[in-house]
Chemist: 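One structure, pasted below without further comment.
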Number of protein chains: 2
Amino acid sequence: MPESPPDPHRPRAPYMRVLDALTVDIEAGRIQPGERIPSESELCERHGVARETARRAVRVLRERGLVETEWGRGTFVRDPSADQGRESGI
Amino acid sequence: MPESPPDPHRPRAPYMRVLDALTVDIEAGRIQPGERIPSESELCERHGVARETARRAVRVLRERGLVETEWGRGTFVRDPSADQGRESGI
DNA sequence: GGGCATTTGTTCGTATGTATG
DNA sequence: CCATACATACGAACAAATGCC
């Protein structure tokens, strides 16, 4: 690509964009605790990225404790007030 | 691109093989319009692929308008003469 | 009406190959 | 060489509709 788009904002890697979007949605309460966030496939389509990229964003959210993932069901927003007993044993 | 890989073989992805096999069966009339194509599980066993791979092949067939899928029942060959009112605007 | 098998739909977990910077 | 990204593939579990008994 012989072009550098005049981009004053940092390029922000694709997974960062997905991460930002999800974080904002959660912190703004658009996705309530207990609710499911968009599936990986949906994130792929919505942001035009590959599944691995969407997964990376979700993984960061999980590591930050904002969400919990259940196999075959989806990824859900954790309740920040309720200590869901991961560390701090109960 | 420093190199054009001298790759005379096109590996043809697994889902392509399944897709080809189904397409041939349909176009040769071995599966008649209205009839059901093999279930996803059957395609998996027959071709030795995972379900996602079989599903990908079927999805392409559906997008091409050769078949229609009904939840809980199966996937059926469409009648090319009978316009079932999707595309080909008539 | 209920229970069960079949079938498609959905979702996450993991791995591999390729391309690019 | 390595990190990022994409496409494909296989595996496993859950969910829902259908059809038969």
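Quick note on labels: first sequence line is chain A, next is B, and so on, each numbered from 1. In what follows, every heavy atom counts, from backbone to side chain, and hydrogens, waters and symmetry copies are set aside.
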Chemist: Please state whether the phosphate of D/dC6, meaning OP1 or OP2, lies under 4.0 angstrom from any side-chain nitrogen or oxygen of A/Thr53.
Modeler: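 Checking A/Thr53 against D/dC6: at least one side-chain N or O falls below 4.0 Å of OP1 or OP2.
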
Chemist: How close or far is atom C1' of D/dA5 from atom NE2 of A/His47, stated in whole angstroms?
Modeler: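 Between C1' of D/dA5 and NE2 of A/His47: 16 Å.
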
Chemist: Reckon A/Val58 touches a base, only the sugar-phosphate, or nothing at all at heavy-atom distances under 4.0 Å?
Modeler: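 Answer is nothing: A/Val58 stays at 4.0 Å or more from every strand.
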
Chemist: Residues two or more places apart in sequence or in another chain: which of them pass salt bridge (charged side-chain N to carboxylate O under 4.0 Å, His left out) with B/Glu70?
Modeler: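 In terms of salt bridge (charged side-chain N to carboxylate O under 4.0 Å, His left out), with neighbours along the sequence ignored, B/Glu70 is linked to B/Arg73.
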
Chemist: Begin from the C-alpha positions of A/Ile26 and A/Leu61 and carry the test side chain to side chain contact (heavy atoms under 4.5 Å, CB included) through to its verdict.
Modeler: CA-CA 10 Å; A/Ile26 292 171; A/Leu61 285 179; 4.2 Å; yes

Chemist: Heavy atoms under 4.0 Å is the rule here; annotate nucleotides 6-11 of chain C 5' to 3' with B where the base is hit, S where only the sugar-phosphate is, and - elsewhere.
Modeler: -BBBBB

Chemist: Can you tell me how far P of D/dA5 sits from CG of A/Leu19, to the nearest Å?
Modeler: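 Interatomic distance, CG of A/Leu19 to P of D/dA5: 12 Å.
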
Chemist: Who pairs with B/Glu45 by side-chain contact (heavy atoms from CB on, under 4.5 Å), at least two apart in sequence or on another chain?
Modeler: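 side-chain contact (heavy atoms from CB on, under 4.5 Å) check on B/Glu45 returns nothing, list empty.
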
Chemist: Mind checking salt bridge (charged side-chain N to carboxylate O under 4.0 Å, His left out) for A/Arg51 and listing every partner two or more places apart, or none if nothing turns up?
Modeler: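 If we apply the salt bridge (charged side-chain N to carboxylate O under 4.0 Å, His left out) test to A/Arg51, skipping adjacent residues, the hits are A/Glu40.
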
Chemist: Going by the rule salt bridge (charged side-chain N to carboxylate O under 4.0 Å, His left out), which residues pair with B/Glu27 if we only count those two or more places apart in sequence or in a different chain?
Modeler: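 With neighbours one apart ignored, the set is empty.
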
Chemist: Only counting residues at least two apart or in another chain, list the ones meeting salt bridge (charged side-chain N to carboxylate O under 4.0 Å, His left out) with A/Arg64.
Modeler: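 With sequence neighbours excluded, A/Arg64 shows a salt bridge (charged side-chain N to carboxylate O under 4.0 Å, His left out) to no residue whatsoever.
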
Chemist: What is the distance from CG of A/Leu43 to C1' of D/dA5, rounded to the nearest Å?
Modeler: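 Roughly 16 Å, once rounded to whole Å.
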
